[in-house]
Amino acid sequence: MIIDAHAHIMTSVRGETARGPTRSLPWGKVRWGEETIQLLPPFNERTAFPAEALLAQMDWAGVDRAALLQGPFYGEANAYVASAVARFSDRFVGAFAPDPLAPDAKGQFKQCVEEYGLRIVKFELTEPTGLTGLYPDLRIDAPEFEWIYEWAQREGLVITFDLGRIGSRAYQTEAVAVIAERFPGLTIVIAHLAQPPIGESQNAELNEKWRRQILLGRKPNIYFDLSALPAYSPDYDEYPYPPAQDYIRRATELIGAEKIMWGTDAPGLLTSGSYRQLLNYVRLHCDFLTEEDMAGVLGLNALRVYWRSGKAKR
């Protein structure tokens with residue numbers, strides 16, 4: 001079984017970030033504040049990536065399931081993600097992305113869990129696109145988050161963090177350690193393999209900060225996904241992305257392959273490689289993984305984390 005542990009869907013880009021709003025333009029482009037960026041390859045005139053587009057990519061590459069995450073850059077899509085999970089329940093599990101400081105945060109949380117049946121709580125902390133950009137002093141171990149972790153632990157939800165770049169306000173390694181210890185029954189996933197310094201791989205200080213975050217995976221309730229690694233080089237790396245492979249090897253040596261889940265961060269990563277390439281650089285080229293390790297990384301670990309038993313829906 002192969003599972004994409006980190007993918008996105010949207011009918012259009014309509015987000016809000018510290019840098020300004022994001023809005024779809026034609027042919028894969030997006031307006032981000034005052035800037036225009038190429039978010040997706042120029043597939044067609046309408047810049048969107050609906051559930052059916054992701055399924056087509058998955059079927060082409062032989063991927064069985066995907067976890068549908070969310071983020072402020074794409075815009076809130078709770079109802080749409082829930083409808084995709086309902087329509088394709090054998091393929092998808094879904095996340096919502098609450099703002100813990102919003103006046104109606106508890107009402108939104110209740111609706112997403114009890115009405116929509118979403119099983120993942122996604123917090124994007126990154127400064128350009130996430131919560132620390134909107135709230136510079138925000139700490140994920142602060143009291144305003146307590147009720148979320150208590151609810152998630154009680155209901156068997158998964159908390160997924162995007163902790164941003166090393167050295168940023170979002171890179172709250174110690175806070176995650178506190179949460180994991182305070183809520184031992186809570187499953188936590190850190191996205192993007194803790195954003196390794198692929199473009200500055202000789203920087204000892206950055207590597208040590210990354211290593212400290214990866215070592216959180218030695219805690220029984222913390223996991224990592226591999227999404228977006230090919231995009232972290234300052235210059236475009238050709239497939240099969242050797243620098244990304246090197247950091248996967250380092251992480252495996254530190255915490256074991258059983259704590260790592262393959263993911264793409266599609267559709268945004270489709271400007272770095274095709275969906276099949278984003279799978280095959282791990283499946284065909286990470287030859288330091290044993291057959292058993294590879295099976296876990298490509299799907300069985302995500303099956304255990306995102307489709308586990310208990311109150312979570314199968």
Side-chain angles (χ1 to χ4, degrees), residues 6-41 46-50 54 67-81 94-105 108-109 112 118 120-140 142 144-145 148 159-172 175-176 189-195 199 225 227-232 234 263-272:
H6 191 133
H8 301 272
I9 58 172
M10 73 280 189
T11 55
S12 67
V13 176
R14 196 168 185 83
E16 300 295 334
T17 75
R19 193 184 296 179
T22 58
R23 298 293 183 264
S24 289
L25 298 174
W27 301 112
K29 291 184 170 63
V30 167
R31 187 71 172 173
W32 186 6
E34 299 301 315
E35 183 183 4
T36 297
I37 65 170
Q38 188 77 45
L39 177 68
L40 310 181
R46 183 165 171 260
T47 298
F49 196 72
L54 176 59
L68 305 179
L69 303 187
Q70 290 200 52
F73 185 92
Y74 291 118
E76 183 270 313
N78 296 332
Y80 182 60
V81 168
F96 61 104
D99 180 344
L101 301 183
D104 60 342
Q108 290 183 4
F109 199 98
C112 288
L118 299 174
I120 308 166
V121 188
K122 166 72 182 305
F123 287 118
E124 183 159 340
L125 277 293
T126 59
E127 293 180 32
T129 62
L131 290 172
T132 59
L134 299 174
Y135 309 110
D137 297 324
L138 182 142
R139 294 286 302 177
I140 55 175
E144 55 263 35
F145 279 84
I148 294 177
I159 299 287
T160 298
F161 290 119
D162 181 339
L163 296 173
R165 294 180 62 85
I166 298 172
S168 70
R169 292 192 302 268
Y171 210 72
Q172 298 181 19
V176 177
V189 176
I190 298 175
H192 312 313
L193 200 64
Q195 294 206 17
D225 75 43
S227 60
L229 297 193
Y232 289 145
T264 63
D265 208 10
L269 261 286
L270 297 178
T271 55
S272 296

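Here the structure is a predicted model, which is why all the values come from computation and not from measurement. When reading the values below, keep in mind they use all heavy atoms of this one structure, side chains included, and skip hydrogens, waters and symmetry mates.
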**Report entry** Mutual orientation of the aromatic rings belonging to Trp32 and Phe73 [parallel < 30°, tilted 30-60°, perpendicular > 60°]
**Finding:** perpendicular

For Thr11 and Ala48, the nearest pair of non-hydrogen atoms, with its separation, is O-CB, 3.1 Å

Q. Between Phe109 and Phe96, how do the two ring planes meet: parallel, tilted or perpendicular, split at 30° and 60°?
A. perpendicular

Between the CD1 atom in Ile159 and the NZ atom in Lys122, the distance rounded to the nearest 0.5 Å is 12.0 Å

**Prompt:** Strictly under 6.0 Å, is that where the ring centroids of Tyr74 and Phe49 end up?
**Reply:** no

query: Is there a side chain to side chain contact (heavy atoms under 4.5 Å, CB included) between Leu68 and Leu54 once you walk through the steps?
result: CA-CA 10 Å; Leu68 305 179; Leu54 176 59; 3.5 Å; yes

In short, His192 meets Asp225 closest at the heavy-atom pair N-OD1, 2.8 Å

Subject >> Expected output: side-chain Thr129 to main-chain Thr17 donor-acceptor under 3.5 Å >> reply: no

Result for ring pair (Phe, Tyr, Trp, His ring centres under 6.0 Å) between Phe145 and one of Phe161, Tyr135, Phe123 points to Phe123

### Side-chain heavy atoms of His6 within contact of Val189, under 4.5 Å
no

Would the number of heavy atoms belonging to other residues, nucleotides or ligands and lying under 6.0 Å from CZ of Arg165 be above 12? no

Per side-chain contact (heavy atoms from CB on, under 4.5 Å), Thr126 is matched among Leu131, Asp162, Leu163 by Asp162

Per side-chain contact (heavy atoms from CB on, under 4.5 Å), Pro267 is matched among Asp265, Leu270, Thr271, Thr264 by Leu270

Rounding to 0.5 Å, atoms CZ (Arg19) and CD (Glu127) come to a distance of 11.0 Å

_Please check: side-chain N/O of Glu76 versus main-chain N/O of Asn78, any donor-acceptor pairing under 3.5 Å?_
yes

Review point. Can you check whether Pro50's main-chain N or O pairs, donor with acceptor, with Tyr80's side chain at less than 3.5 Å?
Key: no

When every non-hydrogen atom of Val13 is compared with those of Met10, the smallest separation belongs to CG2-CE, 3.8 Å

Q) Between the side chain of Thr47 and the main-chain N/O of Ser24, is any donor-acceptor distance below 3.5 Å? A) no

Distance col, row Gln172:CD vs Ile140:CD1, nearest 0.5 angstrom, shows 5.0 Å

Minimal heavy-atom distance between Ala95 and Gln70, with the atoms involved, is O-NE2, 2.9 Å

Nearest heavy-atom contact between Ala18 and Gly133 is CB-O, 3.4 Å

Check your understanding: Hey, mind stepping through Asp99 and Gln108 against side-chain hydrogen bond (donor to acceptor under 3.5 Å, both in side chains) and telling me if it holds?
Key -> CA-CA 9 Å; Asp99 180 344; Gln108 290 183 4; over 6 Å; no

Between Pro100 and Pro98 the two heavy atoms that sit nearest each other are CD-O, 3.5 Å

Rounded to the nearest 0.5 angstrom, the CG-CG distance for Leu125 and Leu134 is 11.0 Å

Sub-4.5 Å side-chain heavy-atom contact between Leu101 and Leu138 | yes

- [ ] Might you confirm whether atom CD of Glu34 has over 12 heavy atoms from other residues, nucleotides or ligands at distances under 6.0 Å?
- [x] no

**OP:** Please say whether more than 12 non-hydrogen atoms of neighbouring residues, nucleotides or ligands are located less than 6.0 Å from CZ in Arg169.
**Re:** yes

